[in-house]
Every structure is written in C-alpha cells, then in structure tokens.
Amino acid sequence: MSARLVFLGRLEDVAGTSQLDVAVGPLQRVLATLDPNLAVALLEDRVRVALNGALLSERGGIVLEDGDELAFLPPVSGG
Amino acid sequence: MSARLVFLGRLEDVAGTSQLDVAVGPLQRVLATLDPNLAVALLEDRVRVALNGALLSERGGIVLEDGDELAFLPPVSGG
Amino acid sequence: MPRDVRLLTEPIEPAAEQFAFAMAHPAAGGIASFLGQVRCDEGVEALELRHYGPLTLPGMEALADQALERWDLDGLLVIHRSGRMFPGDAIVLVAAAARHRRDAFAAAEFVMDHLKSESWFWKRELAEGGWRWIEPRRQDFDDIARWN
Amino acid sequence: MPRDVRLLTEPIEPAAEQFAFAMAHPAAGGIASFLGQVRCDEGVEALELRHYGPLTLPGMEALADQALERWDLDGLLVIHRSGRMFPGDAIVLVAAAARHRRDAFAAAEFVMDHLKSESWFWKRELAEGGWRWIEPRRQDFDDIARWN
C-alpha cells in the first residue's frame, strides 16, 4: 500500500529526486516523515498540487490512498 | 523628342495600354491630345503622379522634357 | 544581414525562405512571420499584381527601415510577389527575428499592414472569365491607423 | 484537421512543419506563425524543459480550443518541446491560419503569451557548469493580462 509524490521544477532539486513512494494516509502525516526542508518547500503558497492528474483548488484534508499520485507544481516558467 | 506616360492599375484598362509615348511640352497640352475619357481618369484627385520615379506632391506646372517618364498611380490595392 | 527585402516575379518558396531566415538568426529568441497566399475560394481563378519599378521596391525598403528603427530586431525579411498567381500561391512573406517576442510580432504586423495599404501594388482578379481591378479596402486603412 | 497540438521530446523541424501546415490550409488567406528557439548567447550552454504528463498536453489542447473559439481560424498548430535543448534548437512553434490577417496574428500571439506564462513547463538552464531553475518573468504576466 503506497502512494507516489511527484516533484516538478526546483522542487526536484530540493527533494533530490523527481518522485518518491510514501505510505498512504493523511498528507499532513506523510509530510511529517519527509526532510523538513522539503516539507517546507512543498507547503509554499505558490506551489499547487494535482491529485491523479487533477488540479486541486486547495490541499486541506488530502488523504493519500493506494496508487495515488500527488504532484507538487511550483510556478511555471515555460516556453 | 518624346516623353512617356505610364498607366498603372485600372488606368491601364482605360488607356488600353500600359504606356504611351507622347510629344514633349506642358502636361496640360499633352492631356488635351488624349482620349477625353482617359484624360478625365488621369486627372482624378486620387490619382498620384511620379516624374522619373519621384512622387510629386502636386501636378500643376509639369512640363515634359525629352526622355521623361510620367507615371499615373491610382490608389493601391496590394498584398 | 539584418534586412532582406525582395520583389519577386517568380514563385516565393515560403518554407525554404523561413528555414534560411531562421538559420541566419540563431541568436534571436523568436521569429514571427506571416505568409499571405491566394485564397482557394470565391471563384477567383487567378490574381495579378502589378508594380511600378521605380517606386515599389524602394518603398518596401523604406518600410523595412522604418520597422528596423522602431523595434529592436535581429533581422527582417520582406518578400513580395508581382505578376500572375493562382490559388494557393504565396503573395507575401514577412518574418521578423527579435530577442523579445513582442517586438517580433509587432514588426511583422506593422510591415504587413503597411504593405497592404501603402505599398505600390495594384491588384486584379480573374473571376467568371473576366479581370477586375481591386479597390483598396476600408479595413486596410483602419489597420494602418493603429500605428500612428 | 483544424487543431494540431503536440508535445515533443524530439527535435521540432520548424520548416517542415510550417510547410505541411501551409499545404493543409490552402484556403486560408494568411498564416501567422511564431518560432521560439534557444538563444545563442549569454553563456547558456543548454536548456531543459520538464513537463508533467497528466497536465501539460491537456493544458495545451485546452488553450488551443480557447483560441479556436475566440478567433475565426481555419487551422491552429501548437508544437512544444520538452527535454534537453541546445542553442539554436526550436522550443515552440505556433501557427494560425485564417481568412483575415488580424485573426491569425492575434491567435498566434494569444497562444504564445499563454504558453509562456500558464502552461505546465518548468525550465532550467545550464551555464558556467551548473543547472539553474528559471523563475517566471514579470513580463510574462504583463503579456497575458492584455487578453483579459
């Protein structure tokens, strides 16, 4: 039973990896198991999240279930 | 001793030719020798004239000399 | 060569020209371009553009110089056909290379608007067996007024 | 096919794409296009764009649909690279075919402005031996505000 966190842009550098498999459960509890620097970076206001490819308007109350993919999206700088 | 009149755009249809060699002399006298329909079309306000490749701001007092080329330019419709 | 202005009486090859222009300006961040072609509709069988040698190309060159003065461009390409064309043929190709996207777009659009309404070309169309001279369109004057 | 939207991890061939697009839209009076490429200056040795599969291409498609709704277009081409690129490589190619010149220019510029500031790409540059993530530019937000 695991979920996957995906880190885009500079968050990948902070995490040292582009994705990380984590235990399921409430997001807050998952974040608490991470390196504090990474957890702080992921919680920045400008970072948006997408659960299984769908953007979330806010991230309160997220509970990761088996097979979920949660992506952390910092401000874009494309094109 | 002759000068050349050049007719652009629809003026070519009115003249039945794209250019016409004429006697030298004051433009008014030259125009009087042309078919009246053509003379009227050439004198329209929107028709500009270029003498030897230089646009004239007005056409009062033009006197054609040997080898001159006077072009009659109706409104453009390019591109 | 920042300015490449040509009046062609033979077919324009837009893809080859755009390729060469991009190759010539590798340092530019962007290239905006416009290709105008003879429409394949409305029963127009052919189109003819006439120009006046002493005025037309010099006028195009002066227009290109205005655009180069007004925007910060790495290069500007202006190619216009004269002569007889058929549906699908290219009439005009304009391309502007610039460091900044906005400059490239504005310069290309400025050149097109002025070519359409102020350059020394006269156009006639062949439809239903007859040639008809085209008068300037009101829209063309509105387009050009934006730049004043 | 009026809408052709692609996310490529291999090099874009702009000339071939522009040629094919013009061939596909012979009835259009004009085609406005924009080619963005990696600049050959400022010591940038390479550039990398990352995308997020579930969001990036769907977002580009939604953007193309917005442009097709807003302007009267015969066709719209949007190709964006992802992955590692080097100076001179094409990053993005947008082309809009329309009956009216103004529509083609506006649609191409609208798509470019939104790709730059709202599409799901993250960019980093290699310079002086190190990679550096690029933050969004103030200018990009100003550009997009024009369309509201």
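Per chain, numbering begins at 1; letters A, B, ... match sequence-line order. Predicted model only: the values in this text are computed from it and were never measured.
Remark: C:His25 NE2 to D:Leu35 CG distance equals 12.0 Å, nearest 0.5 Å.
Of all the listed residues (D:Val94, D:Asp89, D:Asp113, D:Val38), the one sharing the greatest number of non-hydrogen pairs under 4.5 Å with chain C is D:Asp113. Note: D:Gly29 leads D:Pro14, D:Gly29, D:Gly88 in heavy-atom pairs under 4.5 Å with chain C. Of the residues considered (D:Ala15, D:Ala90, D:Pro26, D:Ala16), D:Pro26 shows the highest number of contacts with chain C, using heavy-atom pairs under 4.5 Å.
C:Ala22 touches chain D through backbone and side chain together, each having a heavy atom under 4.5 Å away. For C:Ala108, the parts lying near chain D are the backbone and the side chain together; criterion is any non-hydrogen pair under 4.5 Å.
Side-chain contact check for C:Arg102 versus D:Arg146: some heavy-atom pair is nearer than 4.5 Å.
For D:Asp65, the CG atom is densely surrounded, since the number of other residues' heavy atoms within 6.0 Å is greater than 12. Under a cut-off of 6.0 angstrom, the local environment of CD in D:Glu13 is sparse, with at most 12 non-hydrogen atoms contributed by other residues, nucleotides or ligands.
Between C:Ala104 and D:Phe34 the shortest heavy-atom distance is CB-CE1, 4.5 Å. C:Ser33 and D:Gln18 make their closest contact through OG-NE2, 4.0 Å (heavy atoms, listed as atom of the first residue, atom of the second, distance).
Under the 3.5 Å distance criterion, the side-chain polar atoms of D:Gln37 are left unmatched by any main-chain donor or acceptor of C:Ile31. Panel note: side chain C:Glu109, backbone D:Ala106; no donor-acceptor pair is recorded below 3.5 Å.
In this pair, C:Phe105 and D:Phe105 present their aromatic rings perpendicular. The plane angle is above 60°, beyond the 30 to 60° band.
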